[in-house]
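In what follows, chains carry the letters A, B, and so on, assigned in the order in which the sequence lines appear, proteins first and then strands, with residues in each chain numbered from 1.
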Amino acid sequence: MNTMKFSASVLAMLAVSATAAAARDQIQVAGSSTVLPYATIVAEAFAENMDFTAPVVEGGGTGAGLKQFCAGLGENTIDVANASRPIKEAELAECRANGVNNIMEVQFGYDGIVFASSINGPDFALTPQDVYKALAAEVVVDGKLVANPAATWADVNPALPAQEITAYVPGTKHGTREVFEEKVMAAGCETSGALEAMTVLSDADKAEEACVKLRTDGRSVDIDGDYTETLARIDSNPNGLGVFGLSFYENNTDKLKVATIDGVAPSVETVASGEYPVSRPLFFYVKKDHFGEIPGLKEFAEFFVADAIAGPGGPLSEYGLVPDPELARVQQAVAAETVVAAN
Amino acid sequence: MTDVTSQPPRPVDPPAAPARRSLLIEDPRTRRRNAAERRFRAYGVVAIALAMGALVFLLFTIFRDGTSAFFQTYARIPIAIEAQVVDPAGNRDPAEMQKVLTMGYGKLLDNSLAAYVEANGIEIEGLDDRDLSSFFSAQARADLRNAVLANPELVGTVIEAPVMTSSRIDGMFKGRVSRESAAIDAKTSVAQYDLAMAMQERGDLQTRFNWDFVTSTDSSDNRPEAAGLGVAILGSFYMMLIVLVLSLPIGVAASIYLEEFAPKNRLTDLIEVNISNLAAVPSIVFGILGLAVFINFAGLPRSAPIVGGLVLTLMTLPTIIISTRAALKAVPPSIRDAALGVGASRMQTMFHHVLPLAMPGILTGTIIGLAQALGETAPLLLIGMVAFVTTYPSAPPEGFLDPASALPVQVFNWTQRADPAFFERASGAIIVLLVFLLAMNLLAITLRRKFERRW
């Protein structure tokens, strides 16, 4: 009877799955979608050049990746987490609570964050102050906190084009958002004197919180998807200004026009030299305890930060990574298997 | 009635007068009714036209954007395998030569292209080293390295083989990159555009059909021109195999029991309601369930087709049970009565008579369920199928545990990448997915036609 055959095969399948937990021979990576393209480039080159199985790389966002990373040790957990921000104290604590004690933090380069608009639109020369005044939820007018009245960029700064304010900003699940809040909104808040004014109105903590709060009247739109979604939004709304990673912009310079910040145009060089203010380091985290178990894990970490990969002229900088000037020190730390100190 | 006939005919009331007119002339009421019917038909035609229009628009845009993914531009120029680049130790030992990484082989291609430009007397203003080094795909370096390592004899010779060009060069022959857009594109330049056109004029650049798009593995963001669907197709195939093998017997057995043997009581009513409900549960819920049960609890690996298959089985089961029960119900009771009447047991009646007659309906339901599962993305997001996998899973059953991707998530994956060439690939992948779905639906129709019986 067919049913017999079927149930036999079902049992066979279950037997196979019961032995599933045995031996995984490929490295598993997950985390930040900003780091994802770099990690795939490294994984591809690693599989090509070394005698190890190709690593499997997933995205999902920095927070989700670190959560998976800290879920515990063993073959059912990932070996490497990509992050576009340093690991938080709370995440470290969760890691330790789950027995993940020996974590290596590897900073492999920098990424610039750029403001870009439609290629056919006017030029933008922004300062953090302009962006803060255009996008903050509440601004101080005549010593009072009011909902942001600015409707066009010219309202904020007469030197800017009289174009409707519409900004596409990465949603809160993105690591990019934090950098944007810190390096643009908070910085603009401080230099414009709004922080001081708001501190007078309430207390310092509340003022700092208010600084990074974006307006919700539709002029600032949170994008929870990827940069491709932001690009599509700008395609359909020529007035839009979007926040992108430098590498994404470099791949789409025929569609986007980049804005200068404080008069500096973003490029690999200006980010590396520190002239361009809005940048952040990129990281990946490795479980040292998996070194013996997963073949090639240490080699992968070393390969990732090798000069031929992450250095100037390597495939990562070809894609848009700003190489870490202190790569040699990072290489030493990886070779010495330095772990994040417990505190 | 009798009253009417016994009374003398009364003079006819004026309103009734039209009734005596010819049947061929419409009275106002009939005209209104006919007009209403015509309007209703027009609504139907408009609805169908709208639906067809949307479908045609969808297919048109997909094919417009996607067909170019099946073609790829290759250059045919002499490549000198310089010994000092690929074998610095000079002893032709593959173990030594392996130390030269893929990136090192770029130099060979750059030098060969520079030599080609000089030999052919191509003069282009502003052609610099960057234009030369970004002319070929990064995949070409890897292919060259593999060829040299497999056959160290090649060192020191000049070979002539098709070399894959980069996505921007490829785009110039697909209308994606124009001379104007090349001028503002950081990844290419006008000089590179002119070089590509000059090479094409000489017949050294050719765009040809690209099987690799269907067979090769995914590739990183640096080489969109090399990305293929091989792993995704295998992963989807493995998952469909698991879904078929698990959901068909379980689904059919469950529906036969519920339909023919189960007592009708509160419990079976509850089960029925639940099955109908499950069919409408959003698929992402099955993904969350799969993550919790199969990966976190049962310890199955992430990104493996077996987990995807199990999750999709759960999702497909209600569809199969509902359609199987409908098929069983549609078998006339006279068949059952006759079989029971000649002394067959209930199980014999079921398996010898009812089930074969219900088979076309069951098969159709199964295939439609499978087609639905094939296109499902949401539950796969949570169990790690949206991964970058560059090795083919091995043959089943071990292959069920190897990491793999799936067709719909590959589409999802490619639409998120920065290089515009991936957009074309995503549309190409949709075409492949549509071909699979069409094939499955045709199979369903053929099977139904073949086994269908009418009474």
Side-chain angles (χ1 to χ4, degrees), chain A residues 1-3 6-7 9-10 12-13 16-18 20-21 24 26 28-30 33 36-45 47-49 51 53-60 71 75-76 78 119 225-229 245 247-255 308-309 313-315 318-320, chain B residues 98 101-104 134 138 142 145-146 177 180-188 217-223 242 245-246 248-250 252-253 294-296 298-304 306 310 351 381 384 386-391 397-398 400-403 413 415-420 423:
Chain A
M1 206 64 251
N2 273 345
T3 339
F6 277 132
S7 30
S9 37
V10 170
M13 301 263 316
V16 169
S17 35
R24 164 157 73 80
Q26 79 278 353
Q28 288 197 333
V29 186
S33 45
L36 179 68
Y38 301 116
T40 59
I41 290 168
V42 176
E44 191 173 61
E48 256 164 30
N49 291 298
D51 292 324
T53 322
V56 172
V57 190
E58 281 180 58
E75 284 182 335
N76 281 315
I78 60 170
I119 187 85
D226 289 74
Y227 294 137
T228 40
E229 190 188 334
S247 56
F248 187 91
Y249 161 71
E250 297 258 323
N251 274 290
N252 290 283
T253 48
D254 56 334
K255 298 184 200 79
I309 301 291
E318 213 174 285
Y319 184 73
Chain B
Q98 224 166 2
L101 300 182
T102 344
M103 284 59 85
S134 63
R145 183 173 182 271
N146 290 341
V177 179
E180 288 72 44
S181 78
I184 47 173
D185 195 332
K187 294 268 163 177
T188 180
T217 64
D218 191 7
S219 65
S220 73
D221 290 53
N222 254 357
R223 33 179 108 156
I242 293 167
V245 164
L246 291 180
L248 187 62
I250 297 177
V252 172
F294 300 126
I295 294 181
N296 292 347
L300 289 172
R302 285 182 71 81
S303 315
I306 182 142
L310 289 170
F351 284 99
L381 299 181
V386 196
F388 175 74
V389 185
T390 50
T391 35
E398 298 87 41
F400 290 146
L401 298 167
D402 289 344
N413 208 335
T415 50
Q416 292 180 316
R417 304 239 182 126
D419 197 300
F423 182 72

Next item on the list: Side chain from CB out, backbone as N, CA, C, O: work out which of these in A:L36 comes under 4.5 Å of a heavy atom of chain B, or both, or neither.
Entry: neither
Checklist line | Structural part of A:E229 lying under 4.5 Å from a heavy atom of chain B | finding: neither
Check: To the nearest 0.5 Å, how far apart are CD1 in A:I309 and OG1 in B:T102?
Finding: 7.0 Å
Note to self: Would you compute the distance between atom CD of A:E44 and atom OG1 of B:T217 and round it to the nearest 0.5 angstrom?
What the structure shows: 7.5 Å
Check: Which pair of non-hydrogen atoms, one from A:E250 and one from B:A186, has the smallest distance, and what is that distance?
Finding: O-CB, 3.8 Å
Check: What residue, out of A:A308, A:A47, A:P315, has the most heavy-atom pairs lying under 4.5 Å from chain B?
Finding: A:P315
Check: Within a strict 4.5 Å, meaning less than it, do heavy atoms of the A:Q28 and B:P301 side chains meet?
Finding: no
Margin query: Quick check on A:N251 against chain B: is it the side chain, the backbone, both or neither that has a heavy atom closer than 4.5 Å?
Written below: both
Next item on the list: Can you tell which part of A:Y227 gets under 4.5 Å to a heavy atom of chain B, answering side chain, backbone, both or neither?
Entry: neither
Notebook entry, point to check: About how many Å separate CD1 of A:I41 and CG of B:D221, when rounded to the nearest 0.5 Å?
Noted result: 5.5 Å
Check: Rounded to the nearest 0.5 Å, how far does CD of A:E48 lie from CG of B:N146?
Finding: 7.0 Å
Note to self: If I compare all heavy atoms of B:A418 with all of A:N252, which pair ends up nearest, and what's the gap?
What the structure shows: O-ND2, 3.1 Å
Check: In terms of heavy-atom proximity below 4.5 Å to chain A, should B:R417 be classed as side chain, backbone, both, or neither?
Finding: backbone
Note to self: Given heavy-atom pairs under 4.5 angstrom as the criterion, report whether the side chain, backbone, both or neither of A:N49 touches chain B.
What the structure shows: both
Item checked: Expected output: side-chain B:S181 to main-chain A:D254 donor-acceptor under 3.5 Å -> no
Item checked: pair B:P403-A:Q26: side-chain heavy atoms closer than 4.5 Å -> yes
Checklist line | Nearest-0.5 Å distance that lies between atom OH in A:Y319 and atom NZ in B:K187 | finding: 7.5 Å
Note to self: Please check: side-chain N/O of B:N222 versus main-chain N/O of A:E318, any donor-acceptor pairing under 3.5 Å?
What the structure shows: no
Note to self: I'd like to check B:S303 versus A:E58 (side-chain heavy atoms, cut-off strictly below 4.5 Å). Are they in contact?
What the structure shows: yes
